[in-house]
Amino acid sequence: MELKLEGVSKAYPTGTRALQDVTLTIPKGMFGLLGPNGAGKSTLMRSIATLQDVDSGTMTFDGIDIRQDKDRLREVLGYLPQDFGVYPKVTAWDMLDHLAQLKGLSQRAARHEAVNALLRKTNLWEDRYRRLGSFSGGMKQRFGIAQALLGNPKLIIVDEPTAGLDPAERFRFHNLLAEISADVVVLLSTHIVSDVADLCQHMAILAQGRVILTGHPLRVIDALNGRIWKKFVSAGELEEIQKQSEVIAVRRVAGQRLVHVYAEHSPPGFEPAAADLEDVYFHALSQTARKQ
Ligand code: ADP
């Protein structure tokens, strides 16, 4: 069971080439699609979810031709869109039951059982009779996952799910995603590097509609080790360093500026740093920008 994309391209009428020859194989488990805003992630998610079509290329999932056989894909799809809206005055239980009916769960007893099981799974059981409008951001996202899981989907797409969640809510949401990804394909789109670092067995980076890197997070980090160097610097120093080296990250650590640069050998005054996924991400983006 895998999701396969080959040569997928899409241009909007405005001329924006949102996807350019995207080829990816996405196996069972959690796959992270990382990219800055405007990279084309949502366009790709909506296209796989059959909500819009691409101009060219093929997309298949578990023997289903997604572009040709939209109905069959929808039967096995769970989708949490970026802008998942809820009716604020409806309770979680009523809303999920309603969505379950729309999903085709017509048999009442079985549907109620499924709704109850999902509310327990997403830790919303105690809050099932509360109105959705009173839910926190994290609860809304967990409700979003509950509705995406209706009908036991085999392909689950979650688009930017942790934006705006506080650390505790994000942690809970991560645990939930990790739990559901055991037997299905979960495609997580995000611009938050740590979401991918914490959760995903496989990943790709998308920039300006193109795949610029794919791999296993730990392996792509390993590939950078030995070429990342760090130094605490002042603002003036930073400008000088930027002229001479590839600065890939500037972080604040305890009120000081910590610079990471990419170089084959240590620049003067720098010491070796252990690479992390942010280094991989910013290095890949800066390589792409240099090529243009
Ligand atoms: P991401 O989800 O990575 O932020 P999007 O897929 O939303 O990226 O957008 C990719 C590019 O396509 C951006 O330049 C965006 O402005 C453009 N875009 C997205 N949707 C539309 C649309 N409906 N019409 C025209 N341009 C769009």
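All ligand and atom numbering here is 1-based and tracks the order in the structure. Numbering of residues begins at 1 and proceeds along the displayed sequence.
- For the pair D222 and R219, the salt-bridge criterion is not met [side-chain N within less than 4.0 Å of a carboxylate O].
- No side-chain N or O of R210 forms a donor-acceptor pair with one of T288 less than 3.5 Å apart.
- Remark: ligand 1 atoms within the under-4.0 Å shell around heavy atoms of T16 are 11 (C), 12 (O), 14 (O), 17 (C).
- Within 6.0 Å of NZ in K154 there are 12 or fewer heavy atoms belonging to other residues, nucleotides or ligands.
- Of the protein's non-hydrogen atoms, the one nearest atom 23 (N) of ligand 1 is Y12 CE2, 3.7 Å.
- Each of the following atoms of ligand 1 lies closer than 4.0 Å to a heavy atom of T14: 25 (C), 26 (N).
- Contact annotation for atom 20 (N) of ligand 1: protein present (non-hydrogen atoms, distance under 4.0 Å).
- Residue P36 touches ligand 1 through its backbone alone, judged by heavy-atom distances below 4.0 Å.
- For ligand 1, the polar-atom distance check against S42 finds a nitrogen or oxygen pair separated by under 3.5 Å.
- Under 4.0 Å is where a charged nitrogen must lie from a carboxylate oxygen, and between K41 and D159 no such pair does.
- Each of the atoms 12 (O) of ligand 1 lies under 4.0 Å from some heavy atom of A18.
- For E237 and K231, the salt-bridge test passes: some basic side-chain N is under 4.0 Å from an acidic carboxylate O.
- The nearest heavy-atom contact from the protein to atom 8 (O) of ligand 1 is G40 N, 3.0 Å.
- Remark: the backbone N or O of Q101 is not paired with any side-chain donor or acceptor of R111 at under 3.5 angstrom.
- T43 and Y12 form a side-chain donor-acceptor contact under 3.5 Å, judged by distance and modelled atom types alone.
- Atom 15 (C) of ligand 1 lies below 4.0 Å from none of the non-hydrogen atoms of the protein.
- Heavy atoms of T43 found under 4.0 angstrom from ligand 1 belong to the backbone as well as the side chain.
- Checking only distances, N37 never comes within under 3.5 Å of ligand 1, N or O to N or O.
- Distances from ligand 1 to the non-hydrogen atoms of G35 include no value under 4.0 Å.
- When only interatomic distances are considered, the shortest N/O to N/O separation between A39 and ligand 1 falls below 3.5 Å.
- At least one cation-pi condition fails for K89 and Y87: the charged atom is not both under 6.0 angstrom from the six-membered ring centre and inside a 45 degree cone around its axis.
- Salt bridge annotation for R72-D65: absent, with no cationic side-chain nitrogen under 4.0 angstrom from a carboxylate oxygen.
- At the shortest separation from atom 4 (O) of ligand 1 among protein heavy atoms lies G38 N, 2.7 Å.
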